[in-house]
Amino acid sequence: MSQHNKTDAVERPVNFIRNIINDDLANHKYERVQTRFPPEPNGYLHIGHAKSICLNFGLAEDYQGFCNLRFDDTNPSKEDLEYVEAIQKDVAWLGFEWHGEPKYSSNYFDQFYAYAVELIEKGLAYVCFLNAEEARAYRGSLTEPGKDSPYRNTSPEENLALFTKMKQGEFKEGECVLRAKIDMASSFMCLRDPALYRIRFEHHHQTGDVWCIYPMYDFAHCLSDAIEGVTHSLCTLEFQDNRRLYDWVLAHLNDFNRPDRPHQYEFSRLNLEYTVMSKRKLHQLVDDHLVSGWDDPRMPTISGLRRRGYTPASLRDFAERIGISKVDSMTGMDILEAAVRDDLNKVAPRSMAVLDPVKVVIENFEGEPLSIQAPVHPQNEAMGKREIFFGRELYIDRADFLEEAPNGKYQRLALNKEVRLRNAFIVKGERVDKDAEGNVTTIYCTYDPETLGKKPADGRKVKGVIHFVEASKALPAVFRIYDRLFTVENPVKADNFESVINTESLVVKQGFVEPGLDNSDPEKAYQFEREGYFCRDNQSGNIQVYNRTVPLRDTWSKK
Ligand code: ATP
Ligand code: MG
């Protein structure tokens, strides 16, 4: 079963699809619930897909039904095994288990062919030799009806012979297509005798060179659902009109003209601010080298978010928070980040990392570094302790020191001012060394040995806590600080990506982490105190590279 806890159906927010399912079960339209997630293997999955995955697999779980993972692989020229594998990995990582083996529309190519033959025999499909340009002219427009193709009234016998020839490779690519005979005057363009099969001399990643005709997506999609016994076929709103075609196809086939055939319901897609979501656009980012690949941590792909430190729980929670409706809208990044922050705040071990180091020498400390036990999580004792060190040489963040403390609420280190080092002692700034340009190179301090985990005995007040690492034990590390990929809310509206890409979406820093992170697992998030949530990069091997998942506080609302 999936790794996350089952949630009772009643606990989840009601949405229109749940209402439909509840009615269908009450009216015995179906006695079970079966859904599917049907990606085309032509790219990596993005967070929009995660919404659809959570919906389909979530419903199947809640209603004790099942959900197939099915690749709608009808377009071999755009598809690749790399995507088939990546998609399976992403769905499993999200914590969902598909029913049985992964399914492929290409598993049903023989059946599709037989159903096409049935339509031809019923006089409901014909082979059409109009070229692409003619076909477009015949189709008409939104304001004008189309015209019947001159091939529309060919007899079923003749069409059968022509379709057989198509299958046998006796026509050239583009020479003819099989079309459904529906209604050239329909106000739904997709019902104006849509193509069902086309010729493509392409190698297919599942069926090899067996076929030179391939079903169109619309024909294959509704048939795959019907063959698998899907009850509720859920998809995004842009398929609203296509539903009429799906219903027409199933209503005209003997196997599927029954009330318990699949019914389609549409919901609105997820759109996220400051990024793009369609696979075509994501392809473009990768191909134009605007990102390092599909799993670049700035990408809204599931693999990018995973590499960035997002957890499966946070993405499922996000899907829950945005809900399901028919209203088109733009979702703010703050909602996505709040979901991961809420999860990581509970589960991420605490640690200290210095991203912009400046050296500190504790003049009154001598000898070997001192080992200190610090809590892994301040609110969760069960997570145990970790070993950190304090010694003569430390690093703190450059931003945590000023020679002269400004008046008022300054709570960091300054000369003649005390501050607490997190999990360790109170220290006081004494003097500094500087380089020729006047930059501070070393801060000399003294420490109060009586203040480890204790307030000063004399009752003096020390405000402010800063983080640090002990220099001889700390591990050098690279930090990648990510920001929004685009400078505008809706980049799709821009003329080109180059003009709206955020050139500062990745800033690299060199610093240090605690020695305990030596064997930190890739993708496992830590809270680096005061700096944000970070995880070890999953592509950098033994080098200590940390990707910032999110800052500790929301930065979207004020930008
Ligand atoms: P894209 O437009 O990104 O290329 P697609 O719809 O072509 O996506 P498919 O592989 O066909 O991608 O999608 C599989 C399923 O995921 C479909 O049922 C589709 O409706 C759903 N889906 C795709 N994008 C989103 C989104 N942004 N929000 C919610 N569901 C989505
Ligand atoms: Mg698609």
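Just follow the structure's listing: the first ligand is 1, and inside any ligand the first atom is 1.
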- State whether the side chain of Tyr113 and the backbone N or O of Lys167 hold a donor-acceptor pair below 3.5 Å, judged by distance alone. no
- Task: Would you mind running through ligand 1 and noting each atom that sits below 4.0 Å from a heavy atom of Met277?
- Result: 3 (O), 27 (N)
- Who's closest to atom 28 (N) of ligand 1 heavy-atom-wise, of Thr236, Leu270, Ile87, Ile47? Leu270
- Message: Checking the side chain of Asp288 only, and the main-chain atoms of Leu290 only, is there a donor and an acceptor separated by less than 3.5 Å?
- Response: no
- Message: Does ligand 1 come near enough to Asn42 that some N or O of the ligand is less than 3.5 Å from an N or O of the residue?
- Response: no
- Message: Just verifying a value: how many Å separate Arg341 CZ and Ser314 OG, rounded to the nearest 0.5 Å?
- Response: 11.5 Å
- Between Tyr197 and Phe163, does the ring centre distance come in under 6.0 Å? yes
- Query: Does Ser268, backbone or side chain, put an N or O under 3.5 Å from an N or O of ligand 1?
  - Reply: no
- Does Arg484 make a cation-pi contact with Tyr274 (under 6.0 Å, within 45 degrees of the axis)? yes
- Query: So is there a nitrogen or oxygen of Arg280 less than 3.5 Å from a nitrogen or oxygen in ligand 1?
  - Reply: no
- May I ask you to decide if Arg548's main-chain N or O and Glu531's side chain share a donor-acceptor pair within less than 3.5 Å? no
- Message: Quick check on contacts: which atoms of ligand 1 are under 4.0 angstrom from a heavy atom of Phe37?
- Response: 14 (C), 15 (C), 16 (O)
- Task: Provide the closest heavy-atom pair for Lys122 versus Leu253 in the form atom of the first, atom of the second, distance.
- Result: NZ-CA, 4.0 Å
- N or O pair under 3.5 Å between Lys51 and ligand 1: no
- Query: Once you round to the nearest 0.5 Å, how far does CD1 of Ile17 lie from CG of Asp24?
  - Reply: 11.5 Å
- Message: For ligand 1, which is the ligand I care about here, please tell me if Phe267 has any N or O atom under 3.5 Å from one of the ligand's N or O atoms.
- Response: no
- Query: Taking the non-hydrogen atoms of His46, is any one of them nearer than 4.0 angstrom to ligand 1?
  - Reply: yes
- Query: Backbone or side chain, does any N or O of Pro38 fall under 3.5 Å from an N or O of ligand 1?
  - Reply: no
- Query: Counting heavy atoms only, which of Arg269, Lys279, His283, Glu238 is nearest atom 2 (O) of ligand 1?
  - Reply: Arg269
- Numbered atoms and elements of ligand 1 in range of Ser52, under 4.0 angstrom, heavy atoms: 16 (O), 21 (C), 30 (N)
- Would you say His49 contacts ligand 1, with heavy atoms under 4.0 Å as the rule? yes
- Item | Ring centroid separation Tyr151 to Tyr126 under 6.0 Å | no
